[in-house]
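Down below is the structure, laid out as structure tokens.
When reading the values below, keep in mind they use all heavy atoms of this one structure, side chains included, and skip hydrogens, waters and symmetry mates. Note that ligands are numbered from 1 as they come in the structure, with each ligand's atoms numbered from 1 the same way.
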Amino acid sequence: MKQEQQIKHEVQPWDLLERGFQPEDYCLNATLFSLGNGYIGLRGAFEEGYDPEPFTDGCYLNGVYACEPISYGESAYGYARNNQRMLTMPDGKSIHIWIDGERMSLAEGKLLNYSRKLDMTTGTMERKCTWCSPQGKTIELTIKRLVSLSEKHLFIINLELTPLNFEGEVRLQSRLDGDFSQAERSDDPRLASPIDREDIRWLENTADGSYLALPLSVISSGFSICSAALHHCESDSEHTIDNSWSEDRVSTEYRFNAKPNTPIRLTKYVAYFAEQHAEPIETAQLRAYLERCAARGFEEHAVSQHEEMDRFWLESDIQVRGDDALQQGIRFNLFHLFQSLGRDGRTNIAAKGLSGDGYDGHYFWDTEIYVLPFFLYTQPLLARRLLEYRHSILDAARTRAREMTINKGALFPWRTIGGEECSAYYPAGTAQYHINADIAYAVRHYCQVTGDTEFLRDKGAEVVIEGARMWMEIGHFNSRRNNQFCINEVTGPDEYTALVDNNFYTNLMARAHLEYAAEVFQWLQSFDPEACQTLVKNIQLDPAEPANWTRAAEAMYLPYDSSEGIHPQDDGFLNKPVWDFAETPEEKYPLLLHYHPLVIYRHQVCKQADVVLGLLLQSSEFSVEQKRRDFDFYEPLTTHDSTLSACIHSIIASEVGYPKKALSYFQQVARMDLDNHHNNTQHGIHTACMGGTWMCMVQGFAGMRLHDNELNFNPYVPEGMDGYRFRLQFRGRTLALDIDRLKTSYTLVSGEPITLHHREEVVLLSTPGQVQTFQVTAMEEVS
Ligand code: BGC
């Protein structure tokens, strides 16, 4: 277990506040204060510059990457060949400031006042400071930022500078700066690799008064990118404008004859456009776009931003009564998820969102298993977009399958941006075949919750069926095990146990996947025979295949140990010695940074929930007693070195009667990044854990499970909270739940009548506005 981390920011239910500059937390705050709109992500580094370490800064575009060959000391057939690395964009927020010849930096001079606020109700950030230069010139500076939720390509910086005690020259040099800082090589697999600058071709740039444009192309990936900025200056002080440019940087410099107490205002509208394998974007078009944006002014954009946030919170908020620290953590996490999610069906949500380039900006299974549920039950259209992305990379997944000697179907990449498998370490990468089943699980879940048959017909069916065919190729009916269907040489979710036979989670999820594929095929045959025929033809489906899927599902081998009464994680897990936890000092965690993988692999030790996750995802297959036995067995073996772990343990702890544990895990989960529990938030947020926050509340404390297409709840209020409430979208209805220590009420906010289940009781809500209330019995701690 990790050390208790102290709360670094004031506890505020709707804001993140930094009061007093914290230089030691600059990099961490650059992540926490990052802003995004699902396309642009902008770290919270300062406009005027402040760079104590490399890679604190960054601006990213979702889905925009460079390719680089992966170099192996010793390569072998089928290893992933290329990495796709989320690219750092030219820095558009940069505005360097000179006060009578002295460059402003919070590293120098005296800071008389400082605060920064990320306001989650308005979707904006504001930084205020009063700074005195080394020569005694004092200014007041307020900078507001927003990354527009309604204009995908736009962010705005609104700066106001007021000299307090001098008259003299103030220079604001606003840049588009392609000389971005570079990450350095590191042994930590969670960090990004450096950018190859030779891969960037700078095109003809523009610096024309208040307008700047810096186009470039990325040779390796074929992206054409253009960043552009337009400035609007307001000041009673006289000023001149000058431009300067070099290959990778353009700037507009405003020089003011500044007077005391006379504010200088500069608004910078910055746009990014990127296209792959297309002509470079016309800068004239960009200028027109920015002029339209600038004509609306910062305030109008701020109003639209607020409206977007209001819409988001109305459907997605979870209100907690009685614990503001948890409340802040929950909102912070949901806010970041919203900021990070690609919304166009061709991009996804990276493990670090758009807040840092850790894991090179890759998308993982984190999306389907951890992030999707939140969007599915609050904004189902956005959940659909995530799944459409998987359909968009199906061709790449088929190509990968062939490379892996899988003759039919598709193998989705373990980590990727554009679709190609990017995992350089196959034991904890490609071997996680469970990704196919995770995606199918998410398609099924999506269809159950939305009833979206159009999606299933047009995209979902192909994703599910192509993915299912893989199991038939990598698994086999094992004659030495009574012809049960076995799957060898895989890695399950727990990355501290690799390349095993019959990983319980993988087999369990593969079984559900195969069953579902057969069901979907049958459904498509009757729902739209023509679409079914087209699919059969396109993927050359043999008529015998669906029956084989059913046969394999029915014969699926699931490890079970009757002496322990538990599910072994795989065939060999119980034969290994238990890791010596007592002799492992705290500083040796996470184990992956201190032990060779082989040392870890030969022990019973888990990085994250594996069997325990299976128990949640296929909940109805197991009794509560079984879940408790498995939980009791695996929990002591689990280090939670992955941030994907604590949330799942919290949910199952809730279910099996350990409310104290459930809460204690949840406290970590909800404030994982805010309090930097894993000491690596400086490289980016943890989106899976953020999704896990929502799951803990809704599936853990409120005990929601979907059985036979109906919602079931088993709610309780953990110690320390007085209650909580949230809304859900389910098959076109909006439901509201309000749970306190004495009662739970269910309201049908809008939509058709619906039947739910509160514990053993049936809840029928027939008309909008109807409420049904039940007494809540406290959750008894099982000893
Ligand atoms: C976890 C994986 C996860 C990845 C990205 C790793 O530490 O073990 O399960 O997909 O992080 O979040």
Using a strict 4.0 Å cut-off to heavy atoms of [X], name the atoms of ligand 1 that fall inside it.
| X | result |
| --- | --- |
| L644 | 3 (C), 9 (O), 12 (O) |
| A351 | 5 (C), 12 (O) |
| W365 | 2 (C), 3 (C), 9 (O), 10 (O) |
| K607 | 1 (C), 6 (C), 7 (O), 8 (O) |

Side chain to side chain contact (heavy atoms under 4.5 Å, CB included) partners for E515, two or more places apart
R511, A553
Any residue meeting side chain to side chain contact (heavy atoms under 4.5 Å, CB included) with N37, in chain and number order, not counting sequence neighbours:
Y39, I40, V147, L149
What do you reckon, is CZ of R705 surrounded by more than 12 foreign heavy atoms closer than 6.0 Å?
yes
Minimum side-chain heavy-atom gap D571-F504 below 4.5 Å
no
W414 N/O to ligand 1 N/O under 3.5 Å:
no
Within 45° cone and under 6.0 Å: R85 NZ/CZ vs Y359 ring:
no
